[in-house]
Amino acid sequence: MIKPVLGRFADREFGVQVLRSALDFLGGPGPVLLAIGLLFATPVIDRLFVRRKRLGFRVLYNSKIGLGPEQLHDGTDPNSPQLRELVRVLDRMSIVVIRVRNTGSYDIDAEDFDKPLTFTFGDRVVWNARVSEAGSEEMKAEIRRSLQFFGSEAGSDPGSGSGSEAGPAKASLLTVRARMAQRVARWGGLAVPADPPGEPVWHGVRLEKLVLRRKQKFKLLVVLREPDTNRDGELGKDVKVVGSLGGTGIVHDERPERLVTLSRLTGGLAALLAAVLVLVLAWAPDSTDATVACATGKVRVEGSSVFMPTMAAIAEQYERACPGADITTTATGSIQGVREVAGGEEGEGVVALSDGKQEVQGVFAQQVAIVVYHVVVHSSVGLDAITVEQLRGIYAGAYTDWSQLRGGASLPIRIVGRGGESGTRELFERRVLGGSESALSSNDCRVKDRAPDAPVIRCERDENADVVREIGAVEGAIGYADAPSVAEARKTNALTALALDGKVFDAAAGVEAGYPFWTVEYLYTRSEPAAESLVGRFVGYVREHDGARVRMKDAGYLPCLSAEGVPVDLCNLR
């Protein structure tokens with residue numbers, strides 16, 4: 001089983017078919033190109049408009065100083081009390097290096113921050129800090145001025161057990177360094193082994209009123225000490241960063257393990273779509289379908305608005321297989337379409353679609369498919385079946401309110417019909433009503449605004465889709481439409497298809513089921529088209545090719561030729 005499948009995938013034609021199917025699913029080359037453009041534009045839009053200001057940070061280094069006695073003494077006694085004390089202090093100290101940079105497309109000002117950029121380090125106490133690798137001395141001085149040291153909320157060391165004030169809530173870098181210099185001088189050149197009483201304890205640093213121009217960056221080096229309350233000797237490595245830019249800004253971590261980003265995701269999808277498009281376009285000229293008989297030229301298909309959407313899709317399939325063919329489709333109504341063919345010249349390249357066979361001389365007709373229709377009502381009517389006699393009474397004006405048929409609350413009957421050029425209307429009048437529909441009395445399908453004295457409210461719509469839409473929108477409405485349109489509209493639960501005399505169409509049982517409202521779709525040409533002409537080959541494709549047959553079945557129609565080319569008996573009964 002596996003080898004044949006792999007062999008098919010290795011076949012070039014099968015690969016092209018798969019790619020074309022993918023392209024069809026995505027909407028064709030135009031929508032795919034638009035999607036590629038939008039995917040490439042998304043990161044740009046995100047950066048320039050959605051999140052215009054971006055501040056990135058990354059912790060580059062976070063470790064102990066790592067100096068022992070053998071690395072510190074300069075020939076003096078390594079057992080010196082001063083050296084041992086210095087080693088003890090350094091062993092509990094660590095360094096954190098953080099890079100901060102403007103990664104957006106706009107300058108960041110102090111007023112942009114909802115919350116200033118703040119760094120805390122778990123239980124570790126801030127000893128000192130330094131700004132480095134700034135773009136200029138002026139920038140470095142500005143950042144130093146924005147750098148603030150802060151303590152706990154009470155201003156005391158949480159580990160000291162004291163709740164009394166130990167110093168100011170915050171201090172600048174210059175103030176901290178001045179106090180550090182005093183402490184070092186006081187202890188004879190050594191760092192203080194523990195925080196003396198009354199000295200402030202700093203638990204974090206904050207960049208207040210930070211200003212960073214576009215693409216500017218700097219590094220913040222922070223010296224930390226493990227608190228004396230930590231007796232296990234383990235060094236904490238927590239680094240917490242808090243801060244936010246208001247409006248359209250974002251503060252983000254630039255850690256390299258963040259592999260999935262918006263730009264990478266959209267870029268990858270755009271590249272995939274571009275690859276599908278390029279492969280299809282590159283292979284298309286050399287990948288003609290051998291089962292399609294191609295010809296060049298132009299053909300115009302007119303007529304039935306019911307079947308035309310399916311015909312347009314079939315025509316598009318043929319054009320892709322035959323690049324030299326140009327086929328246009330226009331829904332003008334069945335009668336008008338046949339009229340156009342009958343009045344045209346030989347070899348003009350006009351084909352008409354008609355719902356049912358037209359009694360017109362001098363034209364050539366070929367069967368295409370069975371088209372089933374339904375009488376449908378708005379769901380407010382509350383019926384799912386009706387007799388043909390009741391239906392005729394509605395269209396004749398004998399019944400004007402649904403309560404006359406089902407009892408219950410009053411609800412005016414509102415008829416939505418097709419125009420005089422409609423083959424569907426001609427079929428309904430001939431096969432169901434046995435006569436003509438009543439005169440037009442309404443424009444909006446709700447009141448008799450055209451003919452107040454008319455027996456019934458009746459409006460008209462030229463397109464089949466408009467009829468279905470109107471019936472689904474107007475309470476008490478009744479009308480008719482083809483089965484595929486009704487099936488699509490019923491997804492919204494606004495329509496109900498009525499059984500006629502208790503019968504529904506059954507393709508398997510055929511006419512014995514007694515359902516009257518169905519017909520055969522015909523293709524009309526001025527005369528029998530030449531086999532080698534574009535009209536002849538396209539008509540043959542519509543009637544006989546598996547691609548067209550599948551398209552018709554998917555739309556809800558029954559082709560008049562089987563897959564083996566045998567005529568379906570039911571088609572010859574109408």
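In what follows, residues are counted from 1 in the order of the sequence shown.
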Check this for me: does any side-chain nitrogen of one of [X] and [Y] sit under 4.0 Å from a carboxylate oxygen of the other?
{"X": "D109", "Y": "R213", "result": "yes"}
{"X": "R54", "Y": "E254", "result": "no"}
{"X": "E302", "Y": "R300", "result": "yes"}

**Prompt:** Can you list the residues that meet the side chain to side chain contact (heavy atoms under 4.5 Å, CB included) rule with S132, with sequence neighbours excluded?
**Reply:**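 Side chain to side chain contact (heavy atoms under 4.5 Å, CB included) check on S132 returns K219.
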**Item:** Intermediate values then yes/no, salt bridge (Lys or Arg N to Asp or Glu O under 4.0 Å), E470 and R446
**Value:** CA-CA 10 Å; E470 201 71 56; R446 289 162 175 80; 3.4 Å; yes
**Message:** Holding to side chain to side chain donor-acceptor pair (under 3.5 Å), I want the full list of residues that pass it with R214, two or more places apart in sequence or in another chain.
**Reply:**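 Testing R214 for side chain to side chain donor-acceptor pair (under 3.5 Å), a comparison that skips the adjacent residues, returns none.
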**Request:** For T118, check side chain to side chain donor-acceptor pair (under 3.5 Å) against everything at least two apart and list the hits.
**Result:**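 Applying side chain to side chain donor-acceptor pair (under 3.5 Å) to T118 gives R206.
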[atom1]-[atom2] distance between [X] and [Y], expressed to the nearest 0.5 angstrom:
{"X": "Y541", "Y": "C294", "atom1": "OH", "atom2": "SG", "value": "9.5 Å"}
{"X": "D123", "Y": "R225", "atom1": "CG", "atom2": "CZ", "value": "12.0 Å"}
{"X": "C459", "Y": "N443", "atom1": "SG", "atom2": "CG", "value": "8.5 Å"}
{"X": "Q216", "Y": "E142", "atom1": "CD", "atom2": "CD", "value": "10.0 Å"}
{"X": "W127", "Y": "L224", "atom1": "CH2", "atom2": "CG", "value": "11.5 Å"}
{"X": "E319", "Y": "F538", "atom1": "CD", "atom2": "CZ", "value": "8.0 Å"}

**Message:** Checking E316 against I327 for the side-chain contact (heavy atoms from CB on, under 4.5 Å) test, could you report, in this order, the C-alpha distance in whole Å, the side-chain angles of both residues, the deciding distance, and whether it holds?
**Reply:** CA-CA 8 Å; E316 186 179 346; I327 303 170; over 6 Å; no
**Prompt:** If we only count heavy atoms from C-beta on, is the W202 to N128 side-chain gap below 4.5 Å?
**Reply:** no
**Item:** Close side-chain approach of H203 and T120, heavy atoms under 4.5 Å
**Value:**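 No - every pair of side-chain heavy atoms lies 4.5 Å or more apart.
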**Request:** Check L220, V242, V100 against L117 for a side-chain contact (heavy atoms from CB on, under 4.5 Å) and give me the one that passes.
**Result:** V100
**Item:** Derivation of the side-chain contact (heavy atoms from CB on, under 4.5 Å) call for L55 and I108
**Value:** CA-CA 8 Å; L55 183 69; I108 296 175; 3.9 Å; yes
**Atom NZ of K217: over 12 foreign heavy atoms under 6.0 Å** =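 At most 12 heavy atoms, drawn from other residues, nucleotides or ligands, come within 6.0 Å of this atom.
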**Asked** More than 12 foreign heavy atoms under 6.0 Å from CG of D462: is that the case here?
**Response** no
Hey, are [Y] and [X] close enough side-chain-wise for a donor-acceptor pair under 3.5 Å?
{"X": "N464", "Y": "D482", "value": "yes"}
{"X": "T291", "Y": "H545", "value": "yes"}
{"X": "R551", "Y": "Q317", "value": "yes"}
{"X": "H374", "Y": "S485", "value": "no"}

**Message:** Using side-chain contact (heavy atoms from CB on, under 4.5 Å), reason through V96 and V59 one step at a time and then give a plain yes or no.
**Reply:** CA-CA 7 Å; V96 174; V59 178; 4.3 Å; yes
**Asked** Between L147 and V205, does a side-chain contact (heavy atoms from CB on, under 4.5 Å) hold up when you go through it step by step?
**Response** CA-CA 7 Å; L147 185 62; V205 292; 3.9 Å; yes
**Message:** Give me the atom names and distance for the closest heavy-atom approach of P116 to L207.
**Reply:**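 Residues P116 and L207, closest heavy atoms: CB-O, 3.7 Å.
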**Request:** Assign the ring pair Y557 / F307 to parallel, tilted or perpendicular, where the plane angle (0 to 90°) is split at 30° and 60°.
**Result:** tilted
